[in-house]
Amino acid sequence: MNITSEFLLIDDIKSSFNKYSSNVLCGIGDDSAVLSNTRNILISKDLFIENIHFKRAYYSPYEIGQKSLIVNISDIAAMGGGEDIKFLLGLAIPETITNEEIYEILEGIKNAADTYKISLIGGDLSRTKGPLILSITIMGNTDKYIKRDTARPGESLFLTGYVGNSGAGMELLQKGHLKGSLQFSHKRPKARIFEANCLSKHDIPASMIDISDGMVADLYHILKTSGFGAEIYSASIPLSYELRDAAGLDNTPDEYALYGGEDYELIFTTNKHNENFSLYDEERELYYNFYHIGKIIDEKPVLYYFDKERKYSIQPKGYTHF
Ligand code: ADP
Ligand code: MG
């Protein structure tokens with residue numbers, strides 16, 4: 001990319017992205033963006049790096065762009081959501097990427113930005129001799145926020161949706177099966193920001209985290225930082241029909257649910273409910289379902305897994321992202 005095409009690209013980015021935030025005094029085009037603020041600000045960054053977090057053999061440029069923003073939105077959701085969400089976009093572009101592919105990546109980012117009504121307020125661009133890198137910094141306004149270290153014994157544990165699809169989908173992608181709904185879950189996750197906003201509005205979660213490294217690994221972050229244990233029940237963990245019925249996988253559905261990463265569902269604790277429940281989002285005219293999977297117990301950080309009659313103590317396993 002030469003200097004002229006970099007300017008053209010920034011102009012195109014500036015004109016194609018919609019603006020949703022009200023407190024941006026100055027956005028793309030000056031040396032810094034200017035925001036006005038009177039509330040707490042959530043701010044977070046996630047890198048999305050070729051051959052570490054994704055492979056270009058499995059992902060279309062559009063999907064790369066879309067997922068790079070979704071995983072960032074998920075971090076805002078995990079804090080209980082936010083309003084007037086904005087992001088900065090850093091792009092390191094290797095020589096092997098065509099102009100057309102750059103525009104497809106941007107289309108994917110724009111799709112996620114429009115779905116979740118998020119504004120792009122700036123960024124940076126560079127050529128690179130290394131891999132494709134998308135570096136996003138995201139921020140949102142909030143009054144309250146929900147941390148990981150605030151789970152207490154007696155609280156129930158909930159999930160916002162199915163777990164395991166993404167990990168199973170990744171394995172199928174690696175085996176060369178590029179199409180299918182599990183693969184789709186892996187490449188096009190949802191960010192549970194509407195659910196998070198709705199839960200926060202009703203003051204439900206006491207502690208919360210999003211699942212990026214696997215349910216057990218991320219639940220352990222809650223347990224270790226809070227200083228308590230938990231038990232979860234195999235029969236209560238929501239598994240999709242696609243995962244139960246999938247052929248060609250190396251592990252059982254339960255194993256993907258426990259150890260597979262990148263579902264981007266939320267896990268939260270609360271003392272307000274102790275069985276499955278739903279909440280109605282008046283703005284979107286939708287119900288969200290929350291799945292009861294266990295509870296926090298007064299023990300050191302340990303996780304017990306009840307499978308039929310047996311009780312196991314389980315540990316996180318490492319997860320690689322592709
Ligand atoms: P500078 O040299 O001052 O850093 P740039 O040419 O990098 O300026 O950027 C000019 C403007 O375009 C800035 O407002 C910057 O935030 C914006 N911008 C640059 N790259 C991107 C990008 N990838 N996405 C969004 N905005 C960008
Ligand atoms: Mg710059």
Side-chain angles (χ1 to χ4, degrees), residues 1-37 39 41-56 59-77 82-141 187-189 191 193 264 321:
M1 198 177 8
N2 57 40
I3 295 290
T4 338
S5 63
E6 180 177 333
F7 286 155
L8 274 178
L9 184 54
I10 293 175
D11 275 349
D12 285 345
I13 292 174
K14 186 175 177 184
S15 59
S16 63
F17 276 76
N18 294 312
K19 297 176 184 68
Y20 297 103
S21 298
S22 53
N23 64 335
V24 181
L25 303 178
C26 171
I28 297 173
D30 218 312
D31 297 302
S32 296
V34 183
L35 311 176
S36 67
N37 230 80
R39 304 171 68 193
I41 302 169
L42 299 166
I43 181 159
S44 171
K45 170 185 279 298
D46 255 324
L47 288 169
F48 201 55
I49 304 177
E50 179 180 0
N51 295 336
I52 303 284
H53 302 103
F54 65 90
K55 283 203 167 183
R56 269 153 70 193
Y59 283 79
S60 67
Y62 184 91
E63 288 166 338
I64 292 169
Q66 197 182 39
K67 188 165 172 179
S68 72
L69 182 53
I70 300 278
V71 302
N72 276 276
I73 301 169
S74 180
D75 280 322
I76 298 285
E83 282 137 34
D84 283 331
I85 301 176
K86 317 155 193 79
F87 69 107
L88 294 155
L89 172 64
L91 278 176
I93 305 170
E95 312 271 316
T96 51
I97 296 231
T98 64
N99 244 19
E100 200 176 39
E101 287 169 327
I102 297 174
Y103 279 88
E104 283 171 31
I105 291 171
L106 290 170
E107 272 307 305
I109 298 174
K110 185 174 171 320
N111 169 276
D114 287 337
T115 303
Y116 297 97
K117 308 233 171 349
I118 289 171
S119 310
L120 178 59
I121 58 166
D124 202 15
L125 285 173
S126 175
R127 277 285 168 200
T128 176
K129 292 190 166 32
L132 171 62
I133 299 177
L134 295 93
S135 162
I136 291 179
T137 302
I138 193 163
M139 58 193 97
N141 296 330
K187 295 193 293 174
R188 301 189 175 211
I193 188 90
Y264 296 101
H321 291 270

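Order of listing sets the numbers, starting from 1, for every ligand and every atom in it.
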- Which residue from L9, I13, D124 reaches closest to atom 7 (O) of ligand 1 through any of its heavy atoms?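 Selected option, by shortest heavy-atom distance: D124.
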Within the structure, does [X] bring an N/O atom to less than 3.5 angstrom of an N/O atom in ligand 1?
X    : answer
D31  : yes
G123 : yes
I28  : no
G29  : yes

- Message: Could you check whether S119 and K86, counting side-chain N and O atoms only, form a donor-acceptor pair closer than 3.5 Å?
- Response: no
- Query: Only one of I105, N72, I49, L69 forms a side chain to side chain contact (heavy atoms under 4.5 Å, CB included) with L134, so which one is it?
  - Reply: I105
- Task: Using a 4.0 Å heavy-atom threshold (strictly under), name the region of I10 that reaches ligand 1: side chain, backbone, both or neither.
- Result: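 It is the side chain that gets close, since no backbone atom is under 4.0 Å.
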- Message: Counting only heavy atoms closer than 4.0 Å, does ligand 1 sit against the backbone of L120, its side chain, both, or neither?
- Response: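 The answer is the side chain.
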- Item | Whether Y59 and F48 hold their rings parallel, tilted or perpendicular, with breakpoints at 30° and 60° |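 Y59 and F48: perpendicular rings.
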- Drop me the distance from L125's CG to I93's CD1, to the nearest 0.5 angstrom.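 Here the interatomic distance stands at 5.5 Å.
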- Kindly say whether I70 contributes a backbone atom to a donor-acceptor pair with the side chain of S74 at under 3.5 angstrom? no
- Task: Please check if the side chain of N23 supplies one atom and the backbone of L35 the other of a donor-acceptor pair under 3.5 Å.
- Result: no
- Task: Go through ligand 1 atom by atom and flag the ones less than 4.0 Å from a non-hydrogen atom of G122.
- Result: 16 (O), 24 (N), 25 (C), 26 (N), 27 (C)
- Message: As an exercise, identify every atom of ligand 1 less than 4.0 angstrom from a heavy atom of L125.
- Response: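 Checking each atom against L125, I get 20 (N), 23 (N).
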- If we only count heavy atoms from C-beta on, is the Y62 to K187 side-chain gap below 4.5 Å? no
